[in-house]
Amino acid sequence: MQTEVSTSRPQIASSRSVPYFQLGALAALCLWLYWSTLARLVAQWWHDPNFSHGFFVPLFSAFVVWQERQRFAQLAPQPSRLGFVLLCSALFFLVVGQMGAELFIARSSLLLLLGGIVVLFFGWAALRAAFFPWAFLLLMIPIPNILLNQITLPLQLLASRLAGGVLSLVGVPVLREGNVINLSSMALEVAEACSGIRSLMSLVTLAIIYGYLMEKRLWVRVLLAFASVPISVAANSVRIIGTGLLVQYWDPALAEGYFHASWGWIIFVISLGMLYALHELILRLSPRETTKS
């Protein structure tokens, strides 16, 4: 009985050593400083279809932290003053981003701010333990337009090249000019909205979530995350190929309007099915190890 009491007291004392009042006051101050930045971020999630997945990112990170709460509770708080340096750096990047109208820098400083708070009050061990949900928050920050344009154009050309090649193989006369696929009845333009960037960003996010929930092996999680990129490109090419076949053999009006818009949801469901099929293939080739009780 004396041994049990002596081992439990340091844990209680360490849990009380965290100044939760100061932590709450600092969190409220940071929320006030980042209010406009967060409001614009949420507004972009709402209005920009390319980054509508941003709503799910902080929710999933909070879910991971809640699920691992017992493991976090076992860590003894070891506050570090270097957390204050991270806080000052985050505020510096916030000011620079707002003065230069650079939203990505201002929004990215939020992650540095959260990391600084964790290190300041709980220590580096706590930040290492929460690295995955903390790093996952990076997916909620929209890519800068300069980088987005560099990604979108190659995706347009790649999707049109793949679709044009497959349509030629199935007997459809095709003349491709850049991102424009000329058919006998009409010309199909692979616009920015059809480049697949929307499904790519969303599928990468969902692939990471799926891997965390359905797989314990780290290498399989990483493989599923990277595999989501070619899966998204292939699924988007299927969308363009299907549109070309409908235009050539059925009705050119199907390339526009509601039917064309609904293709996005259909292809995204197909992408999820392909991701699930890949996981099932991995499980058949490399089954999970079972421990005997």
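- In this structure, W219 is a member of the same hydrophobic cluster as L275, with clusters built from ILVMFWY side-chain heavy atoms closer than 4.5 Å.
- Taken from CG in L26 to CG in L120, the straight-line distance is 7.0 Å, to the nearest 0.5 Å.
- Counting non-hydrogen atoms of other residues, nucleotides and ligands closer than 6.0 Å to CD of Q67 gives a total above 12.
- Under the 4.5 Å side-chain criterion, counting only non-hydrogen atoms from C-beta, L103 is not in contact with Q98.
- Heavy atoms from other residues, nucleotides or ligands lying under 6.0 Å from CZ of F226 number 12 at most.
- S89 OG to L113 CG: the interatomic distance, rounded to the nearest 0.5 Å, is 11.0 Å.
- Residues F104 and P142 approach most closely at CD1-O, 3.4 Å, considering heavy atoms.
- Atoms CG and CG, from N236 and L158 in turn, are 9.0 Å apart once rounded to the nearest 0.5 Å.
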Steps toward side chain to side chain contact (heavy atoms under 4.5 Å, CB included) verdict (R239, I270): CA-CA 10 Å; R239 171 185 183 178; I270 294 176; over 6 Å; no
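- Taking both residues in full, the closest heavy atoms of I240 and A163 are given as CG2-CB, 3.5 Å, listed atom of the first, atom of the second, then distance.
- Tracing side-chain contacts under 4.5 Å through hydrophobic residues (I, L, V, M, F, W, Y), one reaches L29 starting from L112; they form part of the same cluster.
- Across all non-hydrogen atoms, the minimal contact from V229 to L200 is CA-CD1, 3.7 Å.
- Using modelled atom types, one side-chain atom of W134 and one backbone atom of L111 make a donor-acceptor pair closer than 3.5 Å.
- The 12-atom threshold is exceeded at CD of E280, counting heavy atoms of other residues, nucleotides or ligands nearer than 6.0 Å.
- Distance check: M274 CE to S232 OG gives 9.5 Å after rounding to the nearest 0.5 Å.
- The distance from atom NE2 of H279 to atom CG of L223, rounded to the nearest 0.5 Å, is 9.5 Å.
- The backbone N or O of L157 lies less than 3.5 Å from a partner atom in the side chain of S160, making a donor-acceptor pair.
- Residue-environment remark: CD1 (I146) stays at or below the threshold of 12 foreign heavy atoms within 6.0 Å.
- Residues L110 and M140 form a side-chain contact, since some pair of their non-hydrogen atoms from C-beta on lies under 4.5 Å apart.
- Atoms CG and CG, from L86 and L114 in turn, are 11.5 Å apart once rounded to the nearest 0.5 Å.
- Judged by distance alone, the side chain of R107 and the main-chain N or O of I141 form no donor-acceptor pair under 3.5 Å.
- Counted within 6.0 Å of CZ on F56, heavy atoms from surrounding residues, nucleotides or ligands total 12 or fewer; the atom is thus considered open.
- Under the 6.0 Å cut-off for aromatic ring centres, W45 and F51 do not qualify, their centroids lying 6.0 Å or more apart.
- Using a 4.5 Å heavy-atom threshold, the side chains of V238 and V166 count as separate.
- Between L272 and L203 there is a side-chain heavy-atom pair separated by less than 4.5 Å.
- A donor-acceptor pair under 3.5 Å is formed between the side chain of H53 and the backbone N or O of L139.
- Not a single donor-acceptor pair under 3.5 Å links the side chain of S286 to the backbone N or O of L283.
- Between F268 and S202 there is a side-chain heavy-atom pair separated by less than 4.5 Å.
- Under the 4.5 Å side-chain heavy-atom criterion for grouping Ile, Leu, Val, Met, Phe, Trp and Tyr, L38 is connected to W32 within one hydrophobic cluster.
- Within 6.0 Å of atom CZ in R217, more than 12 heavy atoms from other residues, nucleotides or ligands are found, so the atom counts as buried in its surroundings.
- No more than 12 heavy atoms of other residues, nucleotides or ligands shown are found within 6.0 angstrom of CH2 on W35.
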Criterion side chain to side chain contact (heavy atoms under 4.5 Å, CB included) on F122 and L127, from CA distance to verdict: CA-CA 8 Å; F122 300 97; L127 182 61; over 6 Å; no
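- One hydrophobic cluster, built from ILVMFWY side chains closer than 4.5 Å, holds both F131 and L137.
- For the pair S271 and I231, the tightest heavy-atom approach, listed with the atom from each and the gap, is O-CG2, 3.7 Å.
- Judged by distance alone, with hydrogens and angles left aside, the side-chain atoms of S52 form no donor-acceptor pair with the main-chain N or O of D48 at under 3.5 Å.
- Side-chain contact between L213 and F63 is present, with at least one heavy-atom pair separated by less than 4.5 Å.
- Contacts of R71 classified as side-chain hydrogen bond (donor to acceptor under 3.5 Å, both in side chains), with partners at least two apart in sequence or in another chain: E68.
- Residue L33 comes nearest to L94 through the heavy atom pair O-CD2, 4.2 Å, listed as atom of the first residue, atom of the second, then distance.
- Residues V95 and L91 are members of separate hydrophobic clusters, defined by side-chain heavy-atom contacts under 4.5 angstrom among Ile, Leu, Val, Met, Phe, Trp and Tyr.
- S237 and R161 share no side-chain donor-acceptor pair at under 3.5 Å.
- Counting all heavy atoms, side chain and backbone alike, A207 lies closest to A225 at CB-CA, 4.2 Å.
- Between R221 and I208 there is no side-chain heavy-atom pair separated by less than 4.5 Å.
- Ring pair F132/Y212 is parallel by interplanar angle, where below 30° counts as parallel and above 60° as perpendicular.
- Residue F92 qualifies as open at atom CZ: its count of foreign heavy atoms under 6.0 Å is 12 or below.
- Within the 4.5 Å cutoff, the side chain of V118 has no heavy atoms near those of the F121 side chain.
- Side-chain atoms of R69 and Q74 form no donor-acceptor pair, as typed in the model, at a separation below 3.5 Å.
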